[in-house]
Asks: 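Here it is, the structure in full.
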Amino acid sequence: MSDEKSLNFLEEIIEADLAAGKYQQIITRFPPEPNGYLHMGHATSICLNFGLTKKYGGYTNLRFDDTNPVTEDTEYVESIKADIKWLGFEWKHELYASDYFETLYEFAVQLIKKGLAYVDDSTSEEIAEQKGTPTQPGTNSPYRNRSIEENLLLFADMRAGKYKDGEKVLRAKIDMAHPNMLMRDPLMYRIKHAHHHRTGNKWCIYPMYDFAHGQSDSIEKITHSICTLEFVPHRELYDWFIEKLEIYPSHQYEFARRNLSYTVMSKRKLLQLVNEKYVAGWDDPRMPTISAMRRRGYLPESIRDFCDGIGVAKRENLVDIGLLEFYVRERLNKVALRRMVVFDPLKITITNYPDTVEWLESENNPEDASAGSRTIPFSKEIYIEKEDFMEQPPKKYFRLAPGQMVRLKSAYIIQCNEVIKDSEGNVVELKCTYIPESKSGNDTSGIHVKGTLHWVSIQHAIPIEVRLYDRLFNVENVDAAEGDFKDYYNPNSLEVIPKVFAEPSLQNATLNERFQFIRKGYFCLDIDAQNGSLIFNRTVGLKDTWAKEMKKA
RNA sequence: UGGGUUAUGGUGUAACGGUAGCACUACAGAUUUUGGUUCUGUCUGUCUAGGUUCGAAUCCUAGUAACCCAACCA
């Protein structure tokens, strides 16, 4: 029936273009500005741009939009490249808008010669004044009618460094009464005596976004230049420059950027969280950055699944972060090695078990037989979770209670015979007996129990640290919430448990491995784990229908 | 007192004049040595008002709402 997936609007445009023979191949670009780390919003753009050329044949360039030297840095260039590679994409050419500075300068000279650009001595305040407002037309600059010769001379002087920052700008000569504010004689060049991360001190004038982006697309013969909705008004100017310059006609298409619930996505806000120490850095596992998601243990496949799953459209949206977590679990479930770790220990003594150690076999992943198995030590004294015992259990409680039986995962069925308490009445230990015939794999006891618990042998357990993460903010739509977004920061977004008890095989965990701590969630080693210390991040929890049930009650 | 963009269940996204579908969520059940996974089923939707048509989410008219545009940022 539905063997064909429906197309999104960009795929429809591309298929129509291809069918019309408009292009031999599709060329897109991913154009980050190297002034911050990539986040989930960039990931959707990356998946879109690279995904489209992969599907329809062609290629995608990585082009750094480095036209503002004061905010940009090579540190960001490197992190951006690493993130794209990790996501699983390969760019055809690594390019920089700054590669085109000389060409762009020539383009500007051409426009001056056509009488379509002029040097303006107005201050930024005066220019703002001239702009008018969305509902009122602007007014012409007094410098608007300089001769071509004078403009040529002044522009050359700007380049030669004869003026200070802000003293002069080059503007396009379009229409100060245009209903589109962007068309009211937009700035093309400004003076910045600043060091550029690639061109050094060669230039003191830098092109504005609008005079760099479209022309860069054109130079690279980008067929489909995809950006977000806030650039829709820029398209008219994008086309104007291309038309007047008579260069290759790239076309711009816009889609709605994706917003995620319970987090923020703007670079400005993310930077604030870092600078004001709400998080430990750009790759703090709570951040929505790609580097943070990588550190937290997300698989790149999950992020790609997510981007495909949410699709692409032009309407405003707020995607439930739970959907991202679904894709994270879905992938992890298939590859994570199962391990047993007790977070909040309660001691059990198995009174009828001998003073020996038995090594029991347990599968690494029930979803994947090829993942093999490992052995776990079992002994007379073990830990289980405190929450897995209740003295007065509610209905449908399948765990341990006085007189009740449970299965210890991959081991035996035990029965609780005696509850030992301290002077304050807290349960401190359980005396249990085990059923020798109930051994995992050759159970001849004939006993059926509802509950299975994870456990560790006390004398073999190794201490590890776990870091549990929750949503960064307390409200769904952070951007729409009243007041300062930081007021909604979730102080419980990070919980560190310095010492929990793990089965010994975790001693050899490596950074590339993914684990499921049975009944606890998905975990991976954190990069902070060094010289023997074991620190694990909880990537995402497991679905917990029992906890939900208890919450309802 | 301008211009632009958008409106489909709780969320995201399809349906291109012909049965409003898919995924997540929620709920109910089956299976389960993870209250995980898997499987089955159920609930909830076309911004409003008119019109055209045998038939409208889709076409027309008029409204309404949300978002974007007045950085020498991108």
Side-chain angles (χ1 to χ4, degrees), chain A residues 1-2 5-8 12 31-33 35 65 67-68 70-71 120 123-124 127-138 165-166 168-171 177-184 187-192 206 208-210 212-213 227-236 254 256 258 261 267-268 309-327 329-330 333-334 338 340 362-363 366-367 396-399 406-411 413 438 440-441 443 448-454 476 516-521 541-549:
Chain A
M1 289 259 249
S2 57
K5 213 187 154 213
S6 54
L7 304 176
N8 65 49
E12 281 178 359
E33 186 190 8
N35 70 346
D65 232 330
T67 56
N68 187 2
V70 300
T71 59
D120 195 339
T123 65
S124 64
I127 290 175
E129 191 77 13
Q130 292 159 18
K131 279 257 156 143
T133 71
T135 54
Q136 287 169 316
D165 287 10
K168 284 181 167 48
V169 293
L170 183 72
R171 295 176 76 176
H178 199 107
N180 180 349
M181 299 289 289
L182 264 331
M183 299 297 276
R184 320 239 262 227
L187 268 60
M188 293 164 59
Y189 269 92
R190 77 288 216 193
I191 299 169
K192 275 181 195 282
Y206 292 93
M208 298 289 291
Y209 165 85
D210 286 303
H213 202 105
C227 61
T228 46
L229 238 35
E230 65 266 30
F231 289 95
V232 169
H234 293 252
R235 190 176 60 229
E236 196 171 8
E254 312 86 9
R258 321 314 308 229
S261 62
K267 271 188 209 169
R268 199 194 97 244
I310 60 178
V312 48
K314 302 182 83 160
R315 69 181 87 111
E316 210 190 324
N317 59 77
L318 182 63
V319 184
D320 189 347
I321 199 164
L323 184 59
L324 209 210
E325 292 173 341
F326 164 79
Y327 288 113
R329 288 193 190 97
E330 189 182 45
N333 178 46
K334 291 177 184 140
R338 312 295 136 122
M340 293 204 280
S362 186
E363 79 259 328
E367 307 295 316
K396 294 206 284 184
Y397 185 81
F398 302 149
R399 283 111 99 145
V406 291
R407 155 80 56 188
L408 294 175
K409 171 74 181 171
S410 297
I413 291 173
S438 67
S440 239
D443 183 347
H448 280 286
V449 292
K450 280 284 231 179
T452 300
L453 307 184
H454 63 280
E476 231 186 333
Q516 185 198 103
F517 294 174
I518 291 176
R519 303 210 298 143
K520 284 290 175 189
L542 257 23
K543 271 180 70 179
D544 192 344
T545 48
W546 174 246
K548 200 187 289 175
E549 188 78 18

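Numbers restart at 1 for each chain; the letters A, B, ... are given by sequence-line order, proteins then strands.
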Asks: Please give, in whole Å, the distance from C72(B) P to Arg184(A) CZ?
Replies: 14 Å
Asks: Is the phosphate of G36(B), meaning OP1 or OP2, less than 4.0 Å from a side-chain N or O of Arg519(A)?
Replies: no
Asks: Rounded off to whole Å, could you give me the OH-to-P distance for the Tyr209(A) and C69(B) pair?
Replies: 14 Å
Asks: Expressed as a whole number of Å, how far does the C1' atom of U5(B) sit from that of U44(B)?
Replies: 29 Å
Asks: What's the NZ-C1' distance between Lys267(A) and A74(B), to the nearest Å?
Replies: 7 Å
Asks: Does A74(B) have its OP1 or OP2 closer than 4.0 Å to a side-chain nitrogen or oxygen of Thr67(A)?
Replies: yes
Asks: Is the shortest side-chain N to carboxylate O distance from Lys520(A) to Asp544(A) below 4.0 Å?
Replies: no
Asks: Is Ile310(A) touching bases, backbone alone, or none of the nucleic acid, heavy atoms closer than 4.0 Å?
Replies: sugar-phosphate
Asks: When all nucleic acid strands are considered with a 4.0 Å heavy-atom cut-off, which category describes Tyr206(A): base, sugar-phosphate, or nothing?
Replies: nothing
Asks: Looking at A71(B), I'd like to know if its phosphate oxygens (OP1 or OP2) sit under 4.0 Å from a side-chain N or O belonging to Arg190(A).
Replies: no
Asks: Give Leu318(A) one of three labels, base, sugar-phosphate or nothing, depending on what nucleic acid heavy atoms sit under 4.0 Å from its own.
Replies: sugar-phosphate
Asks: Taking the side chain as everything from C-beta on, heavy atoms only, tell me whether His448(A) gets closer than 4.5 Å to Asp443(A).
Replies: no
Asks: Select base, sugar-phosphate, or nothing to describe what Gly309(A) touches, counting heavy atoms under 4.0 Å on all strands.
Replies: nothing
Asks: Toss me the dot-bracket line for RNA chain B: Watson-Crick and G-U wobble, both under 3.5 Å, 5' to 3', using | for pairs to another strand and [ ] for crossers.
Replies: .((((((..((((....[..)))).(((((.......)))))....(((((..]....))))))))))).....
Asks: Please report, rounded to the nearest Å, how far the C1' atom of G3(B) is from the CZ atom of Arg235(A).
Replies: 13 Å
Asks: Could you state the atom-to-atom distance from CG of Asp210(A) to C1' of A71(B) in whole Å?
Replies: 12 Å
Asks: For Glu316(A) and U13(B), what is the distance between atoms CD and P respectively, to the nearest whole Å?
Replies: 11 Å
Asks: What is the nucleic acid contact for Gln516(A), judged by heavy atoms within less than 4.0 Å: base, sugar-phosphate only, or nothing?
Replies: base
Asks: Between Trp546(A) and Pro179(A), who's closer to the 5' end of RNA chain B by nearest nucleotide?
Replies: Pro179(A)
Asks: Rounded to whole Å, please give me the gap between CE in Met188(A) and C1' in A71(B).
Replies: 18 Å
Asks: Taking any heavy-atom pair under 4.0 Å as a contact, classify Lys409(A): base, sugar-phosphate, or nothing.
Replies: base
Asks: Looking at every strand, decide which applies to His234(A) at a 4.0 Å heavy-atom threshold: base, sugar-phosphate, or nothing.
Replies: base
Asks: Identify, between Val312(A) and Lys192(A), the residue whose nearest nucleotide on RNA chain B lies closer to the 5' end.
Replies: Val312(A)
Asks: Which part of the nucleic acid, if any, lies within reach of Val232(A) when heavy atoms closer than 4.0 Å are counted: base, sugar-phosphate only, or nothing?
Replies: sugar-phosphate
Asks: Lys548(A) near the nucleic acid: base, sugar-phosphate alone, or nothing, with a heavy-atom cut-off under 4.0 Å?
Replies: sugar-phosphate
Asks: What contact category does Pro366(A) fall into here, base, sugar-phosphate, or nothing, at under 4.0 angstrom with non-hydrogen atoms?
Replies: base
Asks: Using OP1 and OP2 only, check whether a side-chain N or O of Arg315(A) sits under 4.0 Å from U13(B).
Replies: yes
Asks: Could you state the atom-to-atom distance from CG of Asn180(A) to P of U5(B) in whole Å?
Replies: 11 Å
Asks: If you measure from the P atom in A56(B) to the same atom in G51(B), how many Å do you get, rounded?
Replies: 12 Å
Asks: Looking at Thr545(A), does any N or O in its side chain come under 4.0 Å of the phosphate oxygens OP1/OP2 on G36(B)?
Replies: yes
